[in-house]
Novice: 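Questions regarding the structure given below will be posed in turn.
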Amino acid sequence: MLDWYDSHARELPWRAAPGSNAPDPYRVWLSEIMLQQTTVAAVRPKFEAFVARWPSVEALAAAPEADLMAAWAGLGYYARARNLHACARAVVALGDFPTTEDGLRALPGVGAYTAAAIAAIAFGERAVVVDANVARVVARLFAIERPLPGGMPEVRAATDQITPDTRSGDFAQAMMDLGSSVCTPRSPRCLACPLSSVCEGYRLGHPEGFPIKAAKLAKPQRHGTIFWAQHDGKVLLVRRPPRGLLGGMRALPTGPWADTPPGLADPPLPADWQLLPQTVAHVFTHFRLKLSLAVARVDGHAADGEWWDETGIDSAGLPTVFAKAADAIRRARW
DNA sequence: GATACGTGGAT
DNA sequence: TATCCAAGTAT
């Protein structure tokens with residue numbers, strides 16, 4: 001795997017250049033948080049923007065949390081952004097990043113995977129790094145029958161057996177690159193795989209059958225209403241509660257979310273609200289949302305929130321669901 | 001152990 | 001269009 005990595009590693013902005021010294025722990029940490037359940041393609045431009053704006057953990061810790069949340073907009077899983085800020089401050093308070101897996105594990109937003117990845121990649125510690133790519137490769141390599149996630153202890157034990165004592169960070173990244181480009185979920189390219197000669201899943205003739213996974217639950221359909229209050233070229237935005245869905249993010253005001261369209265229930269301020277004919281659909285991790293769009297021209301009513309220049313709404317740092325709704329409303333004639 | 005938590009690309 | 005899936009963590 002290390003030989004394969006030396007000739008096939010992807011060039012990624014958070015990786016040290018080939019032949020250079022160990023990568024910057026700040027960049028490794030930031031990239032690992034961003035990459036949690038998120039594709040490389042989505043992370044790359046966000047990572048570049050973050051390190052350009054905040055080149056060090058000290059700079060990130062000193063930033064207002066609202067700036068960080070807005071910069072994170074569009075990446076999803078916004079608890080990561082809140083934890084990122086808390087973690088940066090914790091690291092500054094400590095003086096530097098912990099260098100051990102246990103020390104890293106204690107930081108906000110750093111779980112078992114991320115602690116192992118940072119320890120191995122940034123600090124050269126031997127650590128067993130198991131992400132979704134590694135789990136898939138290892139489940140095929142050993143033809144692990146126990147469905148995931150219940151079979152994760154078995155996957156972890158098998159990964160431990162094949163993790164080398166040196167360059168375990170490169171080994172982890174090699175396994176992830178292999179999972180991403182060769183040992184893919186649907187149609188693995190076994191003819192290009194350096195492990196095919198020792199892969200039990202390949203020998204059995206159905207590597208794509210691993211890992212076995214528990215069935216997923218259907219997503220319920222829910223409904224809600226977005227309120228677009230416009231006054232003198234400005235639109236009312238609010239800050240969502242600090243925890244829960246889209247927690248802490250700047251947002252358009254919404255009414256309750258329910259099993260049937262809630263209409264004009266719970267507007268942010270009294271006005272002559274008008275429902276537009278179109279709706280906006282959005283899919284979250286665990287439910288589908290169909291949004292009605294309520295609009296009103298208001299005359300300077302007091303309301304909790306901030307009035308944001310409508311033409312600059314793209315710079316407000318809105319989560320995608322609200323950006324979609326804003327686009328639909330601005331394109332509509334009303 | 002189960003559930004909440006986003007989004008966009010691939011198939 | 002529908003489904004799957006991603007460098008998971010917190011509770």
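Chain naming here is simple, since letters A, B, ... match the order of the sequence lines and numbering starts at 1 in each. A quick note: this is a predicted structure, and the numbers were derived from the prediction, not measured.
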Novice: Under 3.5 Å, side-chain donor or acceptor atoms of residues 245-254 of chain A against the rest of the protein: list the pairs with distances, not counting sequence neighbours.
Specialist:
| from | atom 1 | to | atom 2 | distance (Å) |
| --- | --- | --- | --- | --- |
| A:R250 | NE | A:E306 | OE2 | 2.6 |
| A:R250 | NH1 | A:A316 | O | 2.7 |
| A:R250 | NH2 | A:E306 | OE2 | 3.3 |

Novice: Of all the choices, C:dA10, B:dT7, B:dG6, which nucleotide is nearest to the side chain of A:T285 once you look at every atom?
Specialist: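 Selected nucleotide (nearest to the side chain): B:dG6.
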
Novice: Please work out which of the three classes, parallel, tilted or perpendicular, describes the rings of A:F284 and A:F287, given edges at 30° and 60°.
Specialist: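 Answer is tilted, since the angle falls between 30° and 60°.
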
Novice: Taking donor-acceptor contacts at under 3.5 Å, does the side chain of A:T38 reach the base of B:dG6?
Specialist: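 Pair found.
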
Novice: Pairs counted only when both distances fall under 3.5 Å, Watson-Crick or G-U: show me the 5' to 3' dot-bracket for DNA chain B, [ ] for pseudoknotted crossings and | for other-strand partners.
Specialist: .||||.|||||

Novice: For A:D131 and C:dG8, give me the distance from atom CG to atom P, rounded to whole Å.
Specialist: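 My rounded result for the distance is 5 Å.
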
Novice: Of the options C:dT3, B:dG6, C:dG8, whose atoms approach the side-chain atoms of A:R186 most closely?
Specialist: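 Among C:dT3, B:dG6, C:dG8, the one nearest the side chain of A:R186 is C:dT3.
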
Novice: Can a donor-acceptor pair be found between the side chains of A:Q36 and A:T114 at a distance below 3.5 Å?
Specialist: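 Per modelled atom types, A:Q36 and A:T114 side chains form a pair under 3.5 Å.
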
Novice: Look at the side-chain N and O atoms of A:Q37 and state whether any lies under 4.0 Å from the OP1 or OP2 oxygen of C:dA6.
Specialist: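 Result: no.
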
Novice: Test: ring-ring contact (aromatic ring centres under 6.0 Å, His included). Region: residues 90-118 of chain A. Which pairs qualify, not counting sequence neighbours?
Specialist: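 Every ring-ring contact (aromatic ring centres under 6.0 Å, His included) pair that includes a residue of residues 90-118 of chain A, provided the two are not neighbours, is A:W29-A:F97.
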
Novice: Is A:R288 close enough to C:dT3 that one of its side-chain N or O atoms is under 4.0 Å from OP1 or OP2 there?
Specialist: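 Checking A:R288 against C:dT3: at least one side-chain N or O falls below 4.0 Å of OP1 or OP2.
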
Novice: Which nucleotide wins on minimum distance to the side chain of A:T114, given the candidates C:dG8, B:dT7, C:dA6?
Specialist: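 Of the candidates, C:dG8 comes closest.
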
